[in-house]
Amino acid sequence: MPEYDEAILRGRRVLPQAPFPALHQALRIALYDACAARAFGARVIAAFGAQAPFVKLAAAEERTVATLTALCERYGVPRPFDPFPGETTLAPGWRANLERAIAGELASIQLYQELRAQVRARDVRRSFTALQAEALDDHLPALRRALATALARERYHAAQGVPADQAYTRHGPLTNLLEQGISLLSGQHGAAGIAGPLLRAAKPGLLVGLLAGGATAYYLRQRRNATHDHANTHPEEED
């Protein structure tokens, strides 16, 4: 069933000519927007797993919904119906959804700015300011870091002739972690020095094997050195 203020909620704008106070409209718009963000984050986690930064963002969106719900109850504003669990869709691919999430955070930051200018209640204005700051200082940087990692990973795979849509195939925790590190290193000029081109060309599975073999050789060498040192330090123990 459509909401009585469906046009206001979907349009995300306080309308002076509407038969509802500005505070009433602003709180419902803000809560409606938070419900949309919450549903999108939940859908991303369901599709791609509990990956950063969406796990922390999901918890933050729950807090936002709770904060705005409490304000609605304080001022006697009915909560809008949440249609988003049933109508939210995703873009194809991890990177595309990161870009969509960034666009959503930017839109929410602008929305809080506009809504705050429409209300006089100090507690509501403070809440809008705090939510805007959280989106600007925490959510947006986390999403941009994740996007940078995704782009680096796609470039790393492209150098090996792997399509972008296959850049996120899971190979196991250690391989995935190493692959992510390699992709970031190989994308930074000078960060990997002379090894940069080698890293870009190397297969993650091969590097994991080399890493494991190197670790084993290092352990055996350290153990041999320790035995040799012990023998030199305590010659009386030898027959």
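- Applying the salt bridge (charged side-chain N to carboxylate O under 4.0 Å, His left out) rule to Arg63 yields the partners Glu134; only residues at least two apart in sequence or on another chain are considered.
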Kindly determine whether Asp82 and Tyr32 satisfy side chain to side chain contact (heavy atoms under 4.5 Å, CB included), including the steps that lead there. CA-CA 7 Å; Asp82 179 6; Tyr32 203 68; over 6 Å; no
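- Closest approach of Thr64 to Ala34, counting heavy atoms only: CG2-CB, 3.8 Å.
- A side-chain donor from one of Tyr75 and Asp123 sits under 3.5 Å from a side-chain acceptor of the other.
- Inspection of the Arg79 and Thr69 side chains reveals no N or O donor paired with an N or O acceptor under 3.5 Å.
- A donor-acceptor pair is defined here as one N or O able to donate and one able to accept, closer than 3.5 Å; such a pair exists between the side chain of Gln132 and the backbone of Ile109.
- Within a 6.0 Å sphere centred on CZ of Arg13, heavy atoms belonging to other residues, nucleotides or ligands number 12 at most.
- Between atom CG of residue Leu151 and atom CZ of residue Arg144 there is a gap of 13.0 Å, rounded to the nearest 0.5 Å.
- Closest non-hydrogen pair, Val14 versus Pro16, comes out as O-CD, 3.5 Å.
- Checked against the 6.0 Å centroid threshold, Phe54 and Phe48 do not count as a close aromatic pair.
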Side chain to side chain contact (heavy atoms under 4.5 Å, CB included) for Phe81 and Glu3? Distances and angles first, verdict last. CA-CA 7 Å; Phe81 171 71; Glu3 290 279 358; 2.9 Å; yes
Worked check of side chain to side chain contact (heavy atoms under 4.5 Å, CB included) between Leu143 and Leu147: CA-CA 6 Å; Leu143 286 164; Leu147 179 60; over 6 Å; no
Mind running side chain to side chain contact (heavy atoms under 4.5 Å, CB included) on Leu31 and Cys72 for me, showing each step along the way? CA-CA 9 Å; Leu31 182 52; Cys72 284; 4.1 Å; yes
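- The closest side-chain heavy-atom distance from Leu71 to Ser127 is below 4.5 Å.
- Of all heavy-atom pairs between Pro53 and Leu98, the closest is CD-CD2, 4.3 Å.
- Results of the side-chain hydrogen bond (donor to acceptor under 3.5 Å, both in side chains) test with Asp5 over Arg10, His24, Arg28 single out Arg28 as the only residue that passes.
- Note: the hydrophobic cluster containing Val65 does not contain Ile45 (ILVMFWY, side chain heavy atoms under 4.5 Å, direct or indirect links).
- In terms of hydrophobic clustering, with Ile, Leu, Val, Met, Phe, Trp and Tyr side chains grouped at heavy-atom distances under 4.5 Å, Val44 and Leu106 are assigned to a common cluster.
- Side-chain atoms of Gln25 come within 3.5 Å of backbone N or O of Leu15 as a donor-acceptor pair.
- Judged by distance alone, the side chains of Gln110 and Glu114 do bring a donor and an acceptor atom under 3.5 Å apart.
- Remark: Asp138 does not engage Lys56 in a salt bridge, criterion side-chain N to carboxylate O under 4.0 Å.
- Within the 4.5 Å cutoff, the side chain of Pro80 has no heavy atoms near those of the Ile29 side chain.
- Phe84 and Phe40 fall into different hydrophobic clusters, where Ile, Leu, Val, Met, Phe, Trp and Tyr are joined by side-chain heavy atoms under 4.5 Å apart, directly or via other members.
- Summarising the geometry of Val119 relative to Ala26, their closest heavy-atom pair is CG1-CB, 3.7 Å, with the distance given to 0.1 Å.
- Annotation: the span from His139 atom NE2 to Leu131 atom CG amounts to 8.5 Å, rounded to 0.5 Å.
- In this structure, Leu136 CG and Gln113 CD are separated by 10.5 Å, a value rounded to the nearest 0.5 Å.
- For the pair Arg38 (side chain) and Glu61 (backbone), a donor-acceptor distance under 3.5 Å is absent.
- More than 12 heavy-atom neighbours from other residues, nucleotides or ligands sit within 6.0 angstrom of CZ on Arg12.
- For Pro141 against Ala135, the heavy-atom pair with the smallest separation is CD-O, 4.4 Å.
- The backbone N or O of Pro85 sits less than 3.5 Å from a side-chain atom of Arg43, completing a donor-acceptor pair.
- Between Pro78 and Tyr4, the shortest heavy-atom distance links the atoms CG-OH, 3.5 Å.
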